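Residue indices begin at 1 and follow the sequence shown. Note that ligands are numbered from 1 as they come in the structure, with each ligand's atoms numbered from 1 the same way. Just so you know, these numbers come straight off a predicted model, no measurement behind them.
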Amino acid sequence: MTDVIVVGGGVIGLTAAVRLQERGAKVTVWAADEPAETVSSLAAAVWYPTRTDADPRVLRWAAETYAEFRRQIEEGVPGTLLRRTRMLLRHPNAELPWWAPAAGHVELRGAQHPYTNALIFEAPLAEMPVYLGWLRQKVGNIERRRVASLDEATAEAPIVVNATGLAAGRLCGDAKVHPVRGHVVIAQNPGLDESVRDEENPAGVTYVHPRSTDVVLGGSFDDARGDTDPDPAEAAAIVARATALVPQLTGARVLRDYIGLRPVRTGGARVEREGNIVHAYGHGGAGMTLSWGCADEVARLAMN
Ligand SMILES: Cc1cc2nc3c(=O)[nH]c(=O)nc-3n(C[C@H](O)[C@H](O)[C@H](O)COP(=O)(O)OP(=O)(O)OC[C@H]3O[C@@H](n4cnc5c(N)ncnc54)[C@H](O)[C@@H]3O)c2cc1C
């Protein structure tokens, strides 16, 4: 018999499963979809606590995750990279942001109009299709199974982790969970090695995240749309904004674009124990950023 069933095989479920196994638990993951079909596999997956509140718990998860990814990058874990990041700001800032203590050395510099400042720091990035494959191999015991109710899992294991992302809203009747549509474009990397962000762009959130052979151009954060219908005009606008931000992208070949629904939860992610269920869902646009810190917390809650 298994000690823990983790329902959900995205980045939150798989990292939790790894931490539980490291503490000696026998773990089985039930996942409705292959890792490649999850929201996690679509993430730009750059460390940054996107649209999270300045909450001490979030700061701890973000710091622990940052440190873990730095360790994994040193170790050469497949799919992990470190990128110098230039985050451009459009409102005068005299102080470092609340999340800066989690990100090692963060420097606040001046910047040219229309920007007021730039934050310079190093950010881990995970090439998710590869990284999820590595996590999956590490976990080992994954079954393709869609539950209609978490009771199916509690009937088979003494502890259940609910890491079902957006589906958690329905599975545990949490009305605070809702989709926020995100659109990214993948282009060939013309030789870039710096991440650039212009989150406050009035035309739409804009970012350029170079990976090993391609570059992720973003983006959108649309809470009015819960569909994943293609939108070529939106994709073209993303490419135009990204190219204006990083002119070396001019003429870069577009490979594909895709749309994912972030599992946002009003008030932040729910990571807490309720009877024999440990909930871990609602990480919105920061699931990679908070993953390992949350996984540690899930393991503590599950094995106390
Ligand atoms: C365009 C875009 C860009 C992003 N960029 C970043 C970024 O740069 N940095 C960052 O930190 N985050 C980013 N994110 C956010 C990140 O992708 C999410 O926070 C993260 O993937 C959530 O992980 P999860 O494991 O909770 O959910 P998911 O990846 O959705 O996994 C949920 C799992 O639950 C399973 N499941 C669901 N229902 C059931 C059921 N009934 N029975 C069994 N299993 C079930 C699914 O099959 C899946 O395995 C981005 C998201 C998008 C869309």
Salt bridge check, [Y] against [X]: does any charged N sit closer than 4.0 Å to a carboxylate O?
| X | Y | result |
| --- | --- | --- |
| Arg57 | Glu272 | no |
| Glu199 | Arg51 | no |
| Asp198 | Arg241 | no |
| Arg181 | Asp227 | yes |

Nearest-neighbour protein heavy atom for [atom], which is reported as residue plus atom name and distance:
| atom | result |
| --- | --- |
| atom 26 (O) of ligand 1 | Ile12 CG1, 3.4 Å |
| atom 41 (N) of ligand 1 | Val147 O, 2.9 Å |
| atom 35 (C) of ligand 1 | Gly8 CA, 3.7 Å |
| atom 27 (O) of ligand 1 | Gly165 CA, 3.8 Å |

Please identify which atoms of ligand 1 are closer than 4.0 Å to at least one heavy atom of [X].
| X | answer |
| --- | --- |
| Asp33 | 46 (C), 47 (O) |
| Thr38 | 29 (O), 48 (C), 49 (O) |
| Ala45 | 5 (N), 6 (C), 7 (C), 8 (O), 9 (N) |
| Gly284 | 15 (C), 16 (C), 18 (C), 19 (O) |
| Gly260 | 53 (C) |
| Thr289 | 9 (N), 10 (C), 11 (O) |
| Val11 | 23 (O), 25 (O) |
| Met288 | 10 (C), 11 (O), 12 (N) |

- Backbone or side chain, does any N or O of Gly9 fall under 3.5 Å from an N or O of ligand 1? yes

I'd like the name of whichever of [options] reaches closest to [atom] through any heavy atom.
| atom | options | result |
| --- | --- | --- |
| atom 52 (C) of ligand 1 | Arg262, Glu34, Arg144 | Arg262 |
| atom 12 (N) of ligand 1 | Gly285, Ala43, Pro263 | Gly285 |
| atom 39 (C) of ligand 1 | Ala32, Ala44, Ser40, Ser41 | Ala32 |

- Can you find a pair of side-chain heavy atoms, one from Arg211 and one from Val130, that are under 4.5 Å apart? no

Just by distance, do the side chain of [X] and the backbone of [Y] share a donor-acceptor pair under 3.5 Å?
| X | Y | result |
| --- | --- | --- |
| Thr289 | Tyr48 | yes |
| Asp257 | Val185 | no |
| Asp223 | Phe221 | no |

- Query: Under 3.5 Å, is there a donor-acceptor pair linking the side chains of Thr28 and Asn141?
  - Reply: yes

- Message: Regarding Tyr281 and Arg270, do their side chains bring together a donor and an acceptor under 3.5 Å, going by distance alone?
- Response: yes

- Message: Aromatic contact between Phe121 and Trp99, with the criterion being ring centroids under 6.0 Å apart: yes or no?
- Response: yes

- Message: Taking the six-membered ring for Trp, are Tyr131 and Phe69 closer than 6.0 Å centroid to centroid?
- Response: yes

- Query: For the side chain to side chain contact (heavy atoms under 4.5 Å, CB included) test, which of Asn276, Val160, Val298, Ile159 pairs with Val4?
  - Reply: Ile159

- Query: Non-hydrogen atoms of Val46 versus ligand 1: any pair closer than 4.0 Å?
  - Reply: yes

- Should Arg145 be listed as contacting ligand 1, given a heavy-atom distance under 4.0 Å as the test? yes

Proximity to ligand 1 by part of [X], non-hydrogen separation under 4.0 Å:
| X | result |
| --- | --- |
| Ala163 | backbone |
| Ala167 | side chain |
| Val7 | side chain |

